[in-house]
Novice: 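The structure follows.
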Amino acid sequence: MSDPFIPQNFALSAPFTDGDPSETQEWRESLESVLLASGPQRVRELMDVLAAIARAPEIGWRPATGTPYVNTIVAAQQPAFPGDLATEERLASLMRWNALAMVVRANKAYGELGGHIASYASAADLFEVGFNHFFRGGEQGDLVFYQPHSAPGVYARAFLEGRLGEADLAHYRQEISARKQGATGLSSYPHPWLMPDFWQFPTGSMGIGPISSIYQARFMRYLQHRGLLDTSARRVWGVFGDGEMDEPESMSALTLAAREKLDNLTWVVNCNLQRLDGPVRGNGRIIDELEALFAGAGWRVIKLVWGSDWDGLFARDTDGALARVFSTTVDGQLQTFAAKDGRYNREHFFGQDPALAALAQGLTDEQIDRLKRGGHDLVKVYAAYHAAMQTTGRPTVVLAQTKKGYGMGEAGQGRMTTHQQKKLERDDLIAFRDRFDLPITDEQAASLAFYRPAEDSPEMQYLHARRAALGGYIPARRNEAPPVAVPPLARYGEFALRAEGKEMSTTMAFVRMLSALLKDAALGPRVVPIVADEARTFGMANLFKQIGIYSFNGQAYEPEDIGSVLSYREATDGQILEEGISEAGAISSWTSAATSYSVHGQAMLPFYIYYSMFGFQRVGDLIWAAADQRSRGFLLGATAGRTTLGGEGLQHQDGTSLIHAATVPNCRAYDPCFAGEFAVILDHGMRQMMERQEDVFYYVTLMNENYAQPSLPAGVEGDVIKGLYRYATCEPEKPRSNSKAQAKVRLLGSGTILREVFAAAELLASEWGVASEVWSATSFSELARDARESERFNRLHPSDEARLSHVQRCLAGNAPVVAATDYVRAWPQLIAAYVDAPFTALGTDGFGRSDTRAALRSFFEVDRHHVVLAALTALRAQGLVDAALCVDAIARYGLSVDDSAAWLV
Ligand SMILES: Cc1ncc(C[n+]2csc(CCOP(=O)(O)OP(=O)(O)O)c2C)c(N)n1
């Protein structure tokens with residue numbers, strides 16, 4: 001077995017019955033001789049032929065999904081390590097120390113701050129090889145997704161690089177107090193919102209990093225194929241946890257990455273076999289499971305299981321004992337081996353098989369203790385990443401086995417509780433110092449002193465030189481891109497501003513504006529329309545032919561509807577991102593485009609249009625992450641509201657997205673009723689994001705209901721953006737005899753329900769002798785934002801002249817306010833506290849139903865009749881109308897007085 005190409009005598013891991021061992025041996029020997037004589041390629045060819053025969057249905061053979069529990073890159077195929085190993089090991093130890101010191105210090109001072117040591121302890125070498133040899137910096141550098149709770153290690157490196165100071169490290173997780181001390185303060189996890197020059201991608205919520213990384217890699221191809229930017233030299237790297245792979249988002253786009261041949265993407269899964277509470281797969285093996293999953297999805301899988309010390313053991317293991325034992329050792333047991341010392345491992349691991357015991361004979365307990373898993377061996381990690389870089393035509397995953405809490409000794413390595421370990425005692429700190437041979441005294445260790453070698457030390461020179469060779473320090477985030485001119489509104493939105501009663505839905509108006517914007521020479525190419533299999537629903541099928549659907553390999557078929565003007569056209573330079581039925585994928589694409597200004601220095605303008613119910617409710621956390629990374633673009637919640645989507649019922653009718661949107665600090669949310677209002681919001685948003693480069697994004701509702709669209713009243717544009725303008729006033733021709741003087745109300749409506757409100761105003765005038773003002777409330781959340789700011793200013797500046805908010809200016813006085821929308825009452829109630837007059841909110845709380853729009857509006861009590869009743873009731877409370885009028889209204893409109901209102905059930 002001296003020839004390096006002969007695989008070791010691996011035991012078969014699957015249950016295996018051998019009907020004729022001598023025949024098996026003959027086959028085996030002949031394959032080995034082919035391997036010796038002609039090499040691995042020839043073996044693969046022969047196996048392809050045999051497999052084709054064996055997979056015939058009559059035989060029904062299926063390949064096992066896994067390979068033995070060994071490294072994919074065998075020692076003989078390892079490239080020479082190009083770095084200075086000793087220096088890199090010293091640097092890695094320093095990163096480990098400073099990261100640990102940062103977390104322990106913070107928690108000694110304030111036990112409530114939290115933080116993690118064990119995760120980075122397991123991932124340090126995986127990161128360091130990346131930083132020293134692979135992760136490219138600079139404006140066209142790589143996109144790196146960092147495992148969030150390994151952030152202390154990334155800070156520790158930036159400290160050595162001189163990009164963060166001691167004061168910053170000393171304020172880990174103390175962002176607010178840090179500012180008072182003139183330090184930056186370090187955010188708990190990667191948060192571009194909090195550290196906009198540093199972090200690029202928020203990964204703190206498990207699963208978001210993985211899916212985002214795939215769509216970022218895919219978006220780079222999109223930019224490339226559309227001829228907008230050469231991204232061919234950039235790669236995406238993601239370092240994730242093995243526990244994190246359980247998140248549905250982590251797994252959901254694996255096949256897309258393979259299908260689109262994203263060989264610009266490498267994932268490193270840190271398989272320390274543990275998550276927070278315990279083992280990831282105590283009774284199984286996560287590496288085997290992930291290997292099968294990724295390989296099945298079409299990825300290249302590189303297993304990085306054992307360190308170099310094991311090479312000798314495998315070479316001497318002619319009996320295949322190691323493979324045999326590994327094939328039956330589950331992760332829970334491997335974790336126990338990680339937690340125990342050399343002596344225990346000699347007895348319990350090597351001791352389980354005489355052949356293994358013999359292998360361990362030449363090793364001291366100390367040496368057994370130090371046998372490294374693959375992810376802790378810089379040379380092996382380098383070999384794995386190098387192989388990933390050479391891979392073409394598919395993405396790569398490196399499954400790196402590590403120990404959680406590596407080097408934390410008794411205090412944490414492999415311990416069940418290690419994830420939460422934030423405090424170490426003096427002895428543990430000194431043991432850590434010794435374990436990693438750190439150049440600090442006992443006292444420095446015990447006092448958790450940060451350590452940075454002198455600038456002219458070989459380590460520091462090496463560190464800087466490596467980063468210089470790789471294009472600069474990372475992580476680093478760019479905040480700006482050249483602005484993109486937005487065409488004048490009249491050029492694409494005139495039809496909506498001067499609609500003059502033409503019938504259309506706001507969705508139709510949007511699609512028409514989008515089509516026009518796509519033709520604009522400057523902005524058009526930057527527009528990225530995104531759908532999740534609903535383009536036809538929203539009347540966008542004409543865009544298929546006009547701008548094409550992006551497909552990395554064009555269109556290899558003749559579409560059934562080839563002659564039609566709406567033909568389904570896929571093209572390499574297609575502009576639409578048609579994500580199929582994956583809202584998580586579509587929003588990830590949107591975020592990639594919405595952050596392109598920062599990631600690529602090339603501003604793009606994404607419009608993701610979707611069934612509004614499947615937005616914030618379905619992928620709200622991905623939207624939150626998009627907000628964190630300062631996305632700029634439009635989210636369009638179509639078929640919005642609980643009553644515009646008649647037949648679709650409970651799961652589809654959305655009454656809450658606007659409330660979700662209102663809670664996202666940089667989201668500007670609008671619910672326009674009219675196409676003209678939408679046009680003004682679109683124009684304002686585009687200028688704010690594309691020209692003034694403000695870090696906001698827009699959530700705007702669109703409706704599928706056709707109705708007459710009025711021209712936008714003159715001069716209301718500013719108020720449309722502020723969220724409220726007076727749309728109409730309705731005076732009764734003559735006040736009714738039983739209506740008292742000054743009976744006047746203010747009726748507010750948004751979205752389609754504004755039309756009910758207007759109809760109610762007419763009824764109030766014509767049937768009840770009540771005057772009203774009708775206000776279009778395009779955004780209750782913008783009104784509330786402005787009102788909160790005024791309120792705060794007034795509280796903190798008691799001697800200044802009080803500021804009035806827009807809503808206070810508009811709704812001054814005592815005329816009762818009735819606000820009705822197609823959403824839960826909480827949406828208009830956002831402004832209730834800022835209105836002095838009596839305030840009544842009508843809304844669509846509760847579960848949706850299937851029925852006609854009229855039936856639904858009556859059921860939810862947001863139709864014109866309920867608005868009339870609410871107005872009369874408010875006036876009655878003011879003593880301005882008699883109770884009899886309300887009784888009359890209930891009878892006249894046949895309103896249900898059933899106690900169990902829709903919103904209660
Ligand atoms: C969506 C989400 N759920 C839960 C958490 C809390 N959490 C943070 S780290 C962690 C365990 C991570 O385990 P793993 O991915 O295996 O990484 P390791 O720390 O072991 O390297 C959990 C549950 C989170 N950050 N995000």
Novice: Taking C-beta and beyond as the side chain, do W199 and R477 meet within less than 4.5 Å on heavy atoms?
Specialist: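 No. Closest side-chain heavy atoms not under 4.5 Å.
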Novice: Hey, does the side chain of K545 reach the backbone of S564 with a donor-acceptor pair shorter than 3.5 angstrom?
Specialist: yes
Novice: Between S657 (side chain only) and S612 (backbone N and O only), is there a donor and an acceptor less than 3.5 Å apart?
Specialist: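 Between the backbone of S612 and the side chain of S657 there is a qualifying donor-acceptor contact (under 3.5 Å).
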Novice: Can K303 and E291 be counted as an ion pair, charged N to O under 4.0 angstrom?
Specialist: yes
Novice: Assess the residue pair F131 and I474 against the criterion (side-chain contact (heavy atoms from CB on, under 4.5 Å)); give the C-alpha distance rounded to whole Å, side-chain angles, the decisive distance to 0.1 Å, and a yes or no.
Specialist: CA-CA 8 Å; F131 280 121; I474 56 165; 3.7 Å; yes
Novice: Please report the shortest heavy-atom distance between A638 and I609, naming the atom on each side.
Specialist: CB-CG1, 3.9 Å
Novice: For residues F219 and V599, determine if any side-chain heavy atom of one lies less than 4.5 Å from a side-chain heavy atom of the other.
Specialist: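 No, too far: nothing below the 4.5 Å cut-off.
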Novice: Is it true that, when you exclude R466 itself, more than 12 heavy atoms of the residues, nucleotides or ligands shown sit nearer than 6.0 Å to its CZ?
Specialist: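 Enclosed: over 12 neighbouring heavy atoms sit under 6.0 Å from CZ of R466.
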Novice: So does G207 get a backbone contact from the side chain of E244, meaning a donor-acceptor N/O pair under 3.5 Å?
Specialist: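 Answer holds: yes.
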Novice: Ignoring hydrogens and geometry, is there a side-chain-to-backbone donor-acceptor pair from D561 to Y568 under 3.5 Å?
Specialist: yes
Novice: Do R632 and Q688 get their side chains close enough for a donor-acceptor pair, meaning under 3.5 Å?
Specialist: no
Novice: Decide yes or no for M703 and S505: does some side-chain heavy atom of the first lie under 4.5 Å from some side-chain heavy atom of the second?
Specialist: no
Novice: Apply side-chain contact (heavy atoms from CB on, under 4.5 Å) to residues I587 and L635 and explain how you reach the verdict.
Specialist: CA-CA 9 Å; I587 192 73; L635 293 176; 3.6 Å; yes
Novice: Hey, what do you get for CD (E249) to CG (L622), rounding to the nearest 0.5 Å?
Specialist: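 Separation between the atoms: 6.0 Å.
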Novice: Find out whether E583 and Y611 are in side-chain contact, i.e. whether some heavy atom of one side chain is under 4.5 Å from a heavy atom of the other.
Specialist: no
Novice: Anything under 30° is parallel, anything over 60° is perpendicular, the rest tilted; go ahead and classify F145 against F240.
Specialist: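 Because their plane-to-plane angle lies in the 30° to 60° range, the rings of F145 and F240 count as tilted.
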Novice: Has I581 got more than 12 heavy atoms of other residues, nucleotides or ligands less than 6.0 Å from its CD1?
Specialist: no
Novice: Assess whether atom CD of E558 is packed by more than 12 heavy atoms of other residues, nucleotides or ligands within 6.0 Å.
Specialist: no
Novice: Sequence neighbours left out, what passes side chain to side chain contact (heavy atoms under 4.5 Å, CB included) with R300? Give chain and number order.
Specialist: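 For R300 the side chain to side chain contact (heavy atoms under 4.5 Å, CB included) partners, ignoring immediate neighbours, are I73, I302, A387, T391, R394, T396.
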Novice: Might you point out which heavy atoms bring A593 and P606 nearest each other, and give the distance in Å?
Specialist: CB-CB, 3.7 Å
Novice: State the CD1-CD1 distance between I208 and I211, to the nearest 0.5 angstrom.
Specialist: 9.0 Å
Novice: Scan side-chain atoms only and decide if Q555 and Y557 contain a donor-acceptor pair under the 3.5 Å cut-off.
Specialist: yes
Novice: If you apply the rule side-chain contact (heavy atoms from CB on, under 4.5 Å), what do you find for I214 with S588, and how did you get there?
Specialist: CA-CA 9 Å; I214 291 176; S588 300; over 6 Å; no
Novice: Would you check if the side chain of S598 reaches a backbone N or O of R478 as a donor-acceptor pair within less than 3.5 Å?
Specialist: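 Yes.
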Novice: Whether R285 and D242 form a salt bridge (side-chain N of Lys/Arg under 4.0 Å from carboxylate O of Asp/Glu) is what I want to check.
Specialist: no
Novice: Kindly determine whether H225 and Y550 satisfy side chain to side chain donor-acceptor pair (under 3.5 Å), including the steps that lead there.
Specialist: CA-CA 9 Å; H225 283 141; Y550 171 72; 2.8 Å; yes
Novice: Got a salt bridge between E579 and R218, using NZ or NE/NH1/NH2 to carboxylate O under 4.0 Å?
Specialist: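 Salt bridge flag = yes for R218 with E579.
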Novice: Between R234 and D142, is there a donor-acceptor pair closer than 3.5 Å when you use the side chain of the first and the backbone of the second?
Specialist: no
Novice: Hey, is the main chain of R569 close enough, under 3.5 Å, to the side chain of S567 for a donor-acceptor pair?
Specialist: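 The answer is no, because no donor-acceptor pair under 3.5 Å joins these two groups.
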Novice: Looking at every non-hydrogen atom in both residues, tell me the closest pair between A541 and R536 and how far apart they are.
Specialist: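 Scanning both residues, the minimum pair turns out to be CB-NH1, 3.9 Å.
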Novice: With no hydrogens and no angle check, is any side-chain donor or acceptor of R235 less than 3.5 Å from a backbone partner on T266?
Specialist: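 Looks like no, no N/O pair under 3.5 Å.
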Novice: For the residue pair M206 and P148, what are the closest heavy atoms and their distance?
Specialist: CE-CG, 3.6 Å
Novice: Side-chain donor-acceptor contacts of residues 513-523 below 3.5 Å, not counting sequence neighbours, with atom names and distances?
Specialist:
| unit_1 | atom_1 | unit_2 | atom_2 | d |
| --- | --- | --- | --- | --- |
| S515 | OG | V511 | O | 2.9 |
| D520 | OD1 | R491 | NH1 | 3.2 |
| D520 | OD2 | A522 | N | 3.2 |
| D520 | OD2 | L523 | N | 2.9 |

Novice: What do you reckon, are the aromatic ring centroids of F538 and F510 less than 6.0 Å apart?
Specialist: no
Novice: What distance do S551 atom OG and D573 atom CG have between them, rounded to the nearest 0.5 Å?
Specialist: 10.5 Å
Novice: How long is the straight-line distance from CD1 of I53 back to CZ of R55, given to the nearest 0.5 Å?
Specialist: 13.0 Å
Novice: May I ask you to check if R630 and W193 form a cation-pi contact, with NZ or CZ under 6.0 angstrom from the six-membered ring centre and within 45° of the axis?
Specialist: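 Yes, a cation-pi geometry holds between R630 and W193.
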Novice: Applying ring-ring contact (aromatic ring centres under 6.0 Å, His included) between Y698 and each of F607, F678, F634, report the one that passes.
Specialist: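 Looking at F607, F678, F634, the match for Y698 under the ring-ring contact (aromatic ring centres under 6.0 Å, His included) is F634.
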Novice: Counting only heavy atoms from other residues, nucleotides and ligands, does the tally under 6.0 Å from CZ of R692 exceed 12?
Specialist: yes
Novice: Mind listing the closest non-hydrogen atom pair of G633 and M689 along with its distance?
Specialist: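 Between these two residues, the closest heavy atoms are N-SD, 3.2 Å.
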Novice: Would you confirm whether E578, through its side chain, and E570, through its main-chain N or O, come within 3.5 Å as a donor-acceptor pair?
Specialist: no
Novice: Is it the case that the side chain of S119 and the backbone of S150 share a donor-acceptor pair, with hydrogens and angles ignored and the cut-off at 3.5 Å?
Specialist: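 Such a contact is absent between S119 side chain and S150 backbone.
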Novice: Kindly indicate, with the supporting measurements, whether the criterion side chain to side chain donor-acceptor pair (under 3.5 Å) is fulfilled by Q41 and R44.
Specialist: CA-CA 5 Å; Q41 173 58 24; R44 286 197 291 270; 3.0 Å; yes
Novice: How are the rings of Y385 and F135 set relative to one another: parallel (under 30°), tilted (30 to 60°) or perpendicular (over 60°)?
Specialist: parallel
Novice: For H386 together with F134, are the ring centres under 6.0 Å from each other?
Specialist: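 Centroid distance F134-H386: not below 6.0 Å, so no.
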Novice: Let me confirm one number: the CE-CD1 distance from M245 to I286, rounded to the nearest 0.5 Å.
Specialist: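 With rounding to 0.5 Å, CE (M245) is 9.0 Å from CD1 (I286).
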Novice: Taking the six-membered ring for Trp, are the ring centroids of W590 and Y610 within less than 6.0 Å of each other?
Specialist: no
Novice: Quick check: do V531 and I576 have side-chain heavy atoms less than 4.5 Å from each other?
Specialist: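 Yes, close enough: below the 4.5 Å cut-off.
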Novice: So, do V397 and L254 sit near enough that their side-chain heavy atoms are less than 4.5 Å apart?
Specialist: no
Novice: Between Y146 and V239, is there a side-chain heavy-atom distance shorter than 4.5 Å?
Specialist: no
Novice: Do the side chains of E260 and P395 get nearer than 4.5 Å, heavy atoms only?
Specialist: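 In short, these two side chains do not touch, never coming nearer than 4.5 Å.
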Novice: Should we say atom CD of E45 is surrounded by more than 12 heavy atoms from elsewhere, each under 6.0 Å from it?
Specialist: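 Buried by this count: over 12 neighbours within 6.0 Å.
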Novice: Output the distance between atom OG1 (T231) and atom OH (Y222), rounded to the nearest 0.5 Å.
Specialist: 12.5 Å
Novice: Could you tell me if R157 sits above the aromatic ring of F127, with its cationic atom closer than 6.0 Å to the ring centre and no more than 45 degrees from the axis?
Specialist: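 No, a cation-pi geometry is absent between R157 and F127.
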Novice: Minimum heavy-atom separation for P525 and L228, please, with both atom names.
Specialist: O-CD1, 3.8 Å
Novice: Evaluate the side-chain contact (heavy atoms from CB on, under 4.5 Å) criterion for residues M604 and L223: first the C-alpha distance (whole Å), next the side-chain angles of each, then the deciding distance (0.1 Å), finally the verdict.
Specialist: CA-CA 10 Å; M604 302 295 286; L223 290 174; 4.0 Å; yes
